[in-house]
Amino acid sequence: MKPPTDVMVITAHPDDAEFGVAGTVARWTAEGKQVVYVVCTNGDKGTSDRSLSADTLGEIRGREQLAAARVLGVREVVFLGHPDQSLEDTPEFRKEIVRLIRAFRPRIVVTCDPYRRYIWHRDHRVTGQVVLDAVFPFARDHLAYPDLLAEGLEPHKVEEILFWGADDINYRSDITATFDRKVAALRCHESQIREFANPHVEEWLRERCAKMAEGETFELAGAFHRVELPK
Ligand SMILES: [Zn+2]
């Protein structure tokens, strides 16, 4: 049995968490909270460099993700290893996520918003939807997956879900003190920063996070759609 975790961050690709939630992750780990990452694909199609094979890119991106997680104090990274651009809303994928939620028993799950309009990576849309369904009701109900129960994976009730990339933002997290660690973690994803259209990543990110914090008492924010689950 694994020790329970406070937070499980479930992403489609290596680097999604660093763009989406890393400032808040750094704050949580500084407060002593346990954070686990689940990365669903190996990101092996995210390049315009024709000299890179998918296998090599996948290996690079796995290493980059581990380095970023170390910067943020993430306890463990689980790689599901699906090919990039391959995720589908299937019973098998949903069960994989339920298995992990029941094994790690997080209080908070963080993932990408499946309902963002319109340009949104299909893997993001599928991951958000499958995670939402896995949390409620599949991880919760003991009659779902009797085989998992027989393995000792008891049902688990997640208390809240935070979705990054949301059009409908209803929760802003203060990342003023941890913005620099978000940037440091993001810089671990060298292969992706190279692909990024804007060479001034830090300035671009600071402006975005400042805009997210408008109307708050703090300077820089991570922004989410927050959902509390029924007890
Ligand atoms: Zn992504």
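Hydrogens, waters and symmetry mates are skipped; everything else that's a heavy atom, side chains included, is used. In listed order, ligands and their atoms are each counted from 1.
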Item to check | Among the N, O or S atoms of H124, the one nearest the Zn ion (ligand 1) | outcome: NE2
Item to check | Heteroatom of H13 nearest to the Zn ion (ligand 1) (N, O or S, atom name) | outcome: ND1
Next on the checklist: Could you check whether H124 and W120 have their ring centres less than 6.0 Å apart?
Outcome noted: yes
Checklist entry - Got a salt bridge between R61 and D44, using NZ or NE/NH1/NH2 to carboxylate O under 4.0 Å? => result no
Item to check | Geometric cation-pi criterion, R172 with F224: 6.0 Å, 45° | outcome: no
Checklist outcome for this item: the Zn ion (ligand 1) has as its nearest N, O or S atom from D16 the atom OD1
Checklist entry - Is there an N/O/S atom in D123 at a distance below 2.8 Å from the Zn ion (ligand 1)? => result no
Item to check | side chain to side chain contact (heavy atoms under 4.5 Å, CB included) involving D49 - partner list, sequence neighbours excluded | outcome: T47, S51, L52
